[in-house]
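What follows is one structure encoded as structure tokens, with my remarks underneath.
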Amino acid sequence: VHYDDKPIYNITIEKDYSKLASVIKEQVEAEHKVCVVSDSSVASHYLDAVMDIASECVSKVTSFVFPAGEASKNLNVVEDLYEHLIKEKFDRKDILLALGGGVVGDLTGFAASTYLRGIKVIQLPTTLLAMVDSSVGGKTGVDFRGYKNMVGAFHQPSAVYMNLSTLNTLTEKQYYSGFGEIIKHGLIKDMEYYSYIEKHLSELNSRSLDVLEEVVSGSCNIKRMVVENDPTEKGERALLNFGHTLGHAIEKLMNFSLLHGECVSLGMVAAGYISMKRDMITEDEFKGMTDMLKTLNLPVSVSELSVDSIIETSKSDKKMDAGKIKFILLDRPGNAVIRKDVTDDEMREALSVVLL
Ligand code: NAD
Ligand code: ZN
């Protein structure tokens, strides 16, 4: 399958690093160079292993490591990376490996999209969120003067490679946060996938790599299908914003003290509640959804925030179309629809369920 005349990249998922060398060799010839970009925490666990494997593939491997955290996702760090690449004489046939979570992936992808007008990047996601969401789809970018993801580009990876055993070193909070997007994928597109998760909650709580393999590949496939039908976000891709309209507002207002997936969980509860009130899903389906979120340690309610501030903040967000908020609702679990007629009163009522 092709779109925009570009071949679609492969996603490789495994439980150790056996196939990494062959994935790299497919993208770069032996006489060229590889730069592994990572953050300080991920590098302490996995940089040596990845550098060793890359060294089997090409003549020269360098690394660029920046301090872990969202605060590094900015143009200054991108400039430092450009400088490193220039010093090391990287040209258009050399490639970047983005080893880390969404911060590393977004920043490295953006640098790859602009350095010499574009070089290849292989995404090597190491957080659950990056595996099921940010590494797939080609959105790259950095934060700018306090505005999140304000500067960026669409730049598809040449390949995506994930070693699931890297998930073992994630903190509980980071791990469970990834399930916000995973449950979202099931709810908006695939009831069978959603039921699979529901049946394997205890294995997911114990980080069973066999079950994670099914879940991660299922989620990637859903994200990829939606994105490939709509690579530059003109229509269907909006469905991925389920739980994000209010979730993003909550994330902003909490000053990012809750993780993204936790805010998406809260946003999904609110959007699910509106769907239930409109008789699009049943009470049981709504309850099943909130139970699943709770079992995966995701919040379904939050204190400290006011309804008005959330509504106001969500209206100033990007997801507006001719002044109307674009809301994603469920017309059954497994199928999402876009609605522009959600009223302030409906949002108020839904938020009162989520706010303590
Ligand atoms: P992150 O990259 O900051 O990673 C979270 C923390 O976990 C970091 O401290 C990191 O060092 C550490 N870490 C990563 N992998 C680890 C591992 N295997 N073991 C131990 N520690 C590890 O955050 P994230 O949640 O992965 O990604 C969030 C970012 O992704 C945000 O900037 C967001 O804007 C972006 N994002 C992008 C897209 C997209 O489509 N491009 C989609 C969703 C989110
Ligand atoms: Zn998200």
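Owing to the predicted nature of the structure, the values given are computational and were not obtained by experimental measurement. Whatever order the structure lists ligands and atoms in, that order sets their numbers, starting from 1.
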Going by the 4.0 angstrom heavy-atom rule, the piece of Asp143 near ligand 1 is neither
Which segment of Gln123 sits under 4.0 Å of ligand 1 when only heavy atoms are counted = neither
Rounded to the nearest 0.5 angstrom, the CD-OG distance for Glu214 and Ser219 is 12.5 Å
With heavy atoms of Lys223 as the reference, note each atom of ligand 1 found under 4.0 Å away.
-> 40 (O)
More than 12 heavy atoms of other groups within 6.0 Å of Glu31 CD = yes
Honestly, for Lys73 the part within reach of ligand 1 (heavy atoms, under 4.0 Å) is side chain
Which protein heavy atom lies closest to atom 12 (C) of ligand 1, and at what distance to 0.1 Å?
-> Val42 CG2, 4.3 Å
Spatial distance of atom CG (Leu204) from atom CE (Met292) [nearest 0.5 Å] | 9.5 Å
Ligand 1 versus Val103, non-hydrogen atoms closer than 4.0 Å: side chain, backbone, both, neither?
-> both
Are any non-hydrogen side-chain atoms of Lys277 and Glu349 less than 4.5 angstrom apart?
-> yes
Any cation-pi pair here, Arg224 with Tyr9, using under 6.0 Å and within 45°?
-> yes
What angle, to the nearest 10°, do the atoms NE2 (His244) and NE2 (His260) form about the Zn ion (ligand 2)?
-> 100°
Kindly identify the option in Asp39, Thr127, Val104 whose heavy atom sits closest to atom 26 (O) of ligand 1.
-> Thr127
When you check the gap from the basic side-chain N to the acidic O, do Lys87 and Glu83 get nearer than 4.0 Å?
-> yes
Where's the contact between Glu181 and ligand 1, heavy-atom distance under 4.0 Å: side chain, backbone, both or neither?
-> neither
Where does the angle between the aromatic ring planes of His84 and Phe90 fall among parallel (under 30°), tilted (30 to 60°) and perpendicular (over 60°)?
-> tilted
Are any of the N or O atoms of His45 closer than 3.5 Å to those of ligand 1?
-> no
Parallel, tilted or perpendicular: rings of Tyr176 and Phe179 (30°, 60°) | tilted
Nearest non-hydrogen protein atom to atom 32 (O) of ligand 1, with distance, is Glu70 OE1, 2.6 Å
Identified side chain to side chain contact (heavy atoms under 4.5 Å, CB included) counterpart of Val34 within the set Ile95, Val50, Thr62, Ile53 | Ile95
shortest atom 6 (C) of ligand 1-to-protein heavy-atom contact is with Gln174 NE2, 3.6 Å
Short N-O contact, Lys148 and Glu70, less than 4.0 angstrom = yes
Run the numbers on Lys33 and Asp94 for salt bridge (Lys or Arg N to Asp or Glu O under 4.0 Å), then give the verdict.
-> CA-CA 5 Å; Lys33 295 189 276 292; Asp94 302 325; 3.5 Å; yes
Quick one: look at Thr140 and ligand 1, take heavy-atom pairs under 4.0 Å, and tell me if it's side chain, backbone, both or neither.
-> neither
Which residue and non-hydrogen atom of the protein lie closest to atom 44 (C) of ligand 1, and at what distance in Å?
-> Leu129 CD2, 3.8 Å
Taking only non-hydrogen atoms of Gly101 and a 4.0 Å limit, the atoms of ligand 1 in range are 2 (O), 26 (O)
Could you list which atoms of ligand 1 come closer than 4.0 Å to a heavy atom of Tyr46?
-> 18 (N)
Which residue owns the protein heavy atom closest to atom 23 (O) of ligand 1, what's the atom, and how far is it?
-> Gly102 N, 4.1 Å
For ligand 1, which atoms sit closer than 4.0 Å to a heavy atom of Asn149?
-> 34 (O)
Got the closest protein heavy atom to atom 17 (C) of ligand 1, with its distance?
-> Thr169 OG1, 3.5 Å
Candidates Ser40, Ala71, Ser134; heavy atom nearest atom 39 (C) of ligand 1 found on Ser134
Judged by heavy atoms only, the candidate from Lys148, Glu251, Lys139 nearest atom 41 (N) of ligand 1 is Lys139
Are Lys73 and Asp39 within salt-bridge range, i.e. N to O under 4.0 Å?
-> no
For atom 43 (C) of ligand 1, the closest protein heavy atom turns out to be Asp133 OD2, 3.5 Å
Do me a favour and list the nearest non-hydrogen protein atom to atom 22 (C) of ligand 1 with residue, atom name and distance?
-> Leu170 CD2, 3.7 Å
So is Lys173 close enough to ligand 1, meaning a heavy atom under 4.0 angstrom away?
-> no
Whether His248 and His260 hold their rings parallel, tilted or perpendicular, with breakpoints at 30° and 60° | tilted
Sub-4.0 Å atoms of ligand 1 with respect to non-hydrogen atoms of Asp106 = 34 (O), 35 (C), 36 (N), 37 (C), 39 (C), 41 (N)
Below 4.5 Å, heavy atoms only, C-beta onward: do Ser134 and Asp106 meet side chain to side chain?
-> yes
Can you tell if the side chain of Phe327 reaches within under 4.5 Å of the side chain of Lys340, non-hydrogen atoms only?
-> no
Looking at the Zn ion (ligand 2), is one of the N, O or S atoms of Glu181 less than 2.8 Å from it?
-> yes
